[in-house]
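Below you'll find the structure, written out as structure tokens, and then a few comments.
Below, chain A is the first sequence line, B the second, and so on; all start at residue 1.
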There are 2 protein chains.
Amino acid sequence: MSISSRFAVGIHILTLIEINKGGVSTSEFLAGSVNTNPAVIRKIMGMLKRAGLVKVRPGIAGAVLAKDFADITLLDVYRAVNVVQEKDLFSIHENPNPDCPVGRNIQETIGPIFEIAQTALEKALENVTIQDVVKDIIEKEKLNNKC
Amino acid sequence: MSISSRFAVGIHILTLIEINKGGVSTSEFLAGSVNTNPAVIRKIMGMLKRAGLVKVRPGIAGAVLAKDFADITLLDVYRAVNVVQEKDLFSIHENPNPDCPVGRNIQETIGPIFEIAQTALEKALENVTIQDVVKDIIEKEKLNNKC
DNA sequence: TTACCTGTAATCATACTAATTACAATTAGA
DNA sequence: TCTAATTGTAATTAGTATGATTACAGGTAA
């Protein structure tokens, strides 16, 4: 079980739009980098657009970032692509037996604990921006060019 | 998409074994509290046993905790029931295009970030023990008895 | 031997994901 | 107006994981 790769693809898309700033980032172009079908990219782009992270117009080639890349966190992307429902990362079994003290209390006991864990994860994502990813990639490219 | 409810069920099982310390915690009994089929409980019990969290013997009724409940963290349960693979909470798309700088670097750029986020979640689980859950439930029962 | 227990596999239905195909709507340029 | 390229969306397929259920084998104590 894992969080859908469309989160990673969303990050890839935004990063590439930034790095390709002078160029035209069509869904075909983005799909080439991700190595997937353009329809997949368009689906995710639609989500990113609805979340206000990119601007794209029907019939007009090329997406652009709708916000400064330093202001887009990985949490924004995570929320945009809807890989996890709010407070819903962990499933809790339904209908435990209310005749049993554990059964009647378990949901509201572990629910808040699970929320804290989810929030910790989300805070870690909130600490990273697309700018950090772009910087990291540029650094890696410089290192690779040294080899 | 969410983490399987068998993690929550695992916590429920361990909590109930502790609270029912003087009694016999058969899989039938545990299943009654969880409101599921005993075969489900036995499956999860097998995992908890292999992880050294409970002791059960074939043919002999009743599971007992293999460790003090104050020494069993929710992270132990999470690992025991194998809901998430190590470092594998987030999926990353495979085979991005190596001809593109973003494509060739994205996996090793976001991989470590995803690990940090997963570790943050896991640390939050590590901070909670079955004892905390037991205490919480007992507190709630006292409050409920006041109504 | 019987009754009860644990342990495991198989089956089925459901939901989600990823990949692909098809096609409608929009836009710019000829 | 037509054409080509683009975005946007739905439908289909295949694979996987999950949850629920059933069946049955093996172990234990009386």
Looking at side-chain heavy atoms only, is the closest gap between A/Ile11 and B/Ile113 below 4.5 Å? no
On DNA chain D, compare the nucleotides closest to B/Val40 and B/Val83; which residue's is nearer the 5' end? B/Val83
Which nucleotide in C/dC5, D/dT18, C/dT8 has an atom nearest any side-chain atom of B/Thr26: C/dC5
Taking the nucleotide of DNA chain C with the closest heavy atom to each, which residue, A/Asn37 or B/Val56, is nearer the 5' end? B/Val56
Pairwise distance CG(A/Leu16) to CD1(A/Ile41) - rounded to 0.5 angstrom: 9.0 Å
Any side-chain heavy atom of A/Glu122 within less than 4.5 Å of one from A/Leu89? no
Taking only the side-chain heavy atoms of B/Lys49 (C-beta and beyond), determine which of C/dA28, C/dG7, D/dT18 contains the nearest atom. C/dG7
If I take atom CZ in residue B/Arg6 and atom C1' in nucleotide D/dA20, what distance separates them, rounded to the nearest angstrom? 14 Å
Kindly point out which of C/dT17, D/dT9, C/dA28 is positioned nearest to the side chain of A/Ala39? D/dT9
Starting the side chain at C-beta, find the nucleotide from C/dT17, C/dC5, C/dT27 nearest to A/Ile60. C/dT27
Is B/Ser27 near enough to C/dT6 that one of its side-chain N or O atoms lies under 4.0 angstrom from OP1 or OP2? yes
Think A/Ser4 has a side-chain N or O under 4.0 angstrom from the OP1 or OP2 of C/dC16? no
Please test A/Asn20 against A/Ser25 for side chain to side chain donor-acceptor pair (under 3.5 Å), starting from the C-alpha separation and ending with a verdict. CA-CA 7 Å; A/Asn20 186 43; A/Ser25 296; 3.0 Å; yes
Return the value, rounded to whole Å, for the distance between atom CD1 of A/Ile17 and atom C1' of D/dT7. 13 Å
Which part of the nucleic acid does A/Ala63 contact within heavy-atom distance under 4.0 Å: base, sugar-phosphate only, or nothing? nothing
Would you say A/Lys43 reaches C/dA19's phosphate, i.e. side-chain N/O to OP1/OP2 under 4.0 Å? no
Using the ring of each side chain (for Trp, its six-membered ring), is B/Phe7 parallel, tilted or perpendicular to A/Phe114, with breaks at 30° and 60°? parallel
When you check the phosphate oxygens OP1 and OP2 of D/dG19, does a side-chain N or O of B/Ser5 lie under 4.0 Å from one of them? yes
Sorted by position of nearest nucleotide on DNA chain C, 5' first, the leading residue of B/Ser91 and B/Met45 is B/Met45
Could you check how far CG of A/Leu30 sits from P of D/dG8, rounded to whole Å? 12 Å
Taking C/dA18, D/dG8, C/dG7 as options, the one with an atom nearest any side-chain atom of B/Arg42 is C/dG7
How long is the line joining CD1 of B/Ile44 and P of C/dT6, in whole Å? 14 Å
